[in-house]
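Atoms within each ligand, like the ligands themselves, are counted from 1 in listed order.
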Amino acid sequence: GKEWTDVRELVEAMAGTEVLIRGRVHTYRHVSSKKGFLIVRQKWSRVQCVVTESKENHVSVNMVKFVKQLNSESFVDVIGYVVLPKDPVTGATQQVEIQVRKVYCVNSALQQLPLYVEDAARSEADIQAGKPGANQDTRLNLRVIDLRTAANQGIFSIQGWTQIGWRECLLRKGFIEIHSPKLLAGSSEGGSAVFRLDYKGQPACLAQSPQLHKQMAICADFERVFEVGAVYRAEDSFTHRHLCEFIGLDVEMAIHKHYSEIMDLVGELFPFIFNKINENCQKELEAIRKQYPFQPLKFLPKTLRLTFAEGIQMLKEAGVEADPLGDLNTETERKLGLLVLEKYNTEFYILHRYPSAVRPFYTMPCADDPNYSNSFDVFIRGEEIISGAQRVHDPELLTEQAKRFGIDVETIKTYIDSFRYGAPPHGGFGVGLERVVMLFCGLNNIRKTSLFPRDPLRLAP
Ligand code: 4AD
């Protein structure tokens with residue numbers, strides 16, 4: 001009938017009261033056969049539990065021995081009194097300690113674990129200084145243990161807050177949340193990077209994005225929609241920023257005049273999300289920074305917007321040649337990010353009016369020059385997190401563009417037909433959730449922000 005206490009709720013005012021906590025055996029420090037210190041961890045909070053042989057507390061020498069022999073990472077229930085430590089003992093992270101009365105082992109972990117949380121949590125600097133650590137691959141193989149580190153708990157908490165900010169802002173603006181199908185007859189982005197499968201005898205593939213169906217929702221008078229859902233890409237990209245499965249944040253909306261209406265939304269939505277994270281996740285950010293040091297993201301209240309041509313010009317002035325009708329590569333994007341930071345003091349900005357040739361088939365060409373398109377990319381710290389555009393809503397032009405991109409229009413017939421039944425001008429964008437979190441936190445690899453990442457070599461755990 002006793003109530004559970006959370007380790008993070010333990011405060012000095014509770015001194016003298018008896019508490020019951022459940023947590024993991026983090027470490028044990030042996031003092032003598034009559035005394036030891038058991039650090040119990042609950043999520044990322046820890047408390048030092050002092051086990052002392054005592055007639056008064058009914059703690060025997062055998063009990064001290066039992067606690068000493070508990071395996072790290074085992075789950076234990078501890079009953080004891082909250083005490084204020086007489087002299088602060090290193091290692092404890094709580095102000096208070098627990099003077100143990102009873103310890104029960106709820107479930108034991110293996111005696112020898114393939115990875116210890118302390119080692120998974122080591123910073124690069126510590127590893128370089130010779131402390132034991134584990135490389136990223138080992139950690140991903142043992143992800144259930146790796147995820148227990150404070151930095152990882154922080155990363156996924158921030159991922160959660162990113163989605164909260166996303167939903168909150170969009171719902172307030174009258175968007176409705178949809179779920180588009182992930183099993184499709186044809187590819188949604190064109191190209192060959194699709195996972196093919198057999199759909200009851202019919203060739204099918206996993207959706208590369210909600211693109212087609214979010215647009216069809218606009219054709220169905222939803223006006224403003226968003227989605228949070230899995231996206232599948234079969235490309236053989238062995239980079240720090242590509243996954244084969246990621247979480248796509250997608251928006252699609254009817255527009256009145258100009259694709260700047262979509263960029264206005266981006267320019268408001270993301271600072272809202274960044275502020276949300278900063279307001280709610282200081283502890284999490286600190287935990288991440290301890291393992292992976294980074295500077296807070298610099299962004300302006302009014303999001304900077306540059307044209308692609310302006311970007312090319314800035315690069316040119318800095319002595320970097322880039323094709324004005326081609327795409328930027330990872331290098332030139334980075335370089336431009338640095339130039340923008342120098343000139344405008346922001347690490348978050350929109351680059352728009354991209355050359356048509358480098359955008360997907362559904363992208364609306366500029367009315368004044370079809371070599372360019374009503375499209376944009378958005379960058380954090382010089383890396384792309386969003387691509388978006390106004391879409392072609394004329395079925396004939398859409399068919400023509402799809403063919404020009406080598407797409408078998410039969411496979412997307414129902415999509416193209418949607419525009420024959422009447423469709424408003426519209427546009428939207430897609431965001432990679434893992435990339436947003438990776439770049440906001442200045443992390444060097446997208447696998448760090450995917451719970452159980454899927455890349456060309458990894459299908460487990
Ligand atoms: O640039 P992408 O491919 O654009 C689309 O999917 C369009 N349908 C979006 C639109 O509405 N026009 O993907 C959008 C975003 C990228 O900016 C990037 O953040 C992320 O999704 N992304 C990936 N993230 C992880 N791994 C990959 N392989 C990714 N590919 C794209």
Would K298 and E347 pass as an ion pair if we require N to O under 4.0 Å? no
Could you list the residues that satisfy side chain to side chain donor-acceptor pair (under 3.5 Å) with E333, not counting sequence neighbours? none
Side chain to side chain donor-acceptor pair (under 3.5 Å) involving S237 - partner list, sequence neighbours excluded: none
If we set the cut-off at 4.0 Å for heavy atoms, which region of S209 has an atom near ligand 1: side chain, backbone, both, or neither? side chain
Under 4.0 Å from one or more heavy atoms of I385, ligand 1 contributes atoms 16 (C), 17 (O), 18 (C), 19 (O)
Does only the side chain of I446 get under 4.0 Å from ligand 1, or the backbone, or both, or neither? Count heavy atoms. side chain
Residue-level breakdown please: for H242 versus ligand 1, do any non-hydrogen atoms fall below 4.0 Å on the side chain, on the backbone, on both, or on neither? both
Hey, is M438 one of the residues with a heavy atom under 4.0 angstrom from ligand 1? no
So, the side chain of N71 versus the backbone of S74: is there a donor-acceptor pair under 3.5 Å, distance only? no
Do other residues, nucleotides or ligands put more than 12 heavy atoms under 6.0 Å from the CD atom of Q282? yes
Which of these, R233, E189, Q208, has its nearest heavy atom closest to atom 13 (O) of ligand 1? R233
Report, in ascending order of atom number, the atoms of ligand 1 lying under 4.0 Å from any heavy atom of R241. 25 (C), 26 (N)
Proximal ligand 1 atoms for Q211, defined as those under 4.0 Å from one of its heavy atoms: 7 (C), 8 (N), 9 (C), 10 (C), 11 (O), 12 (N)
Testing L304, L300, T303, V340 one by one against F348 for a side-chain contact (heavy atoms from CB on, under 4.5 Å), which residue passes? T303
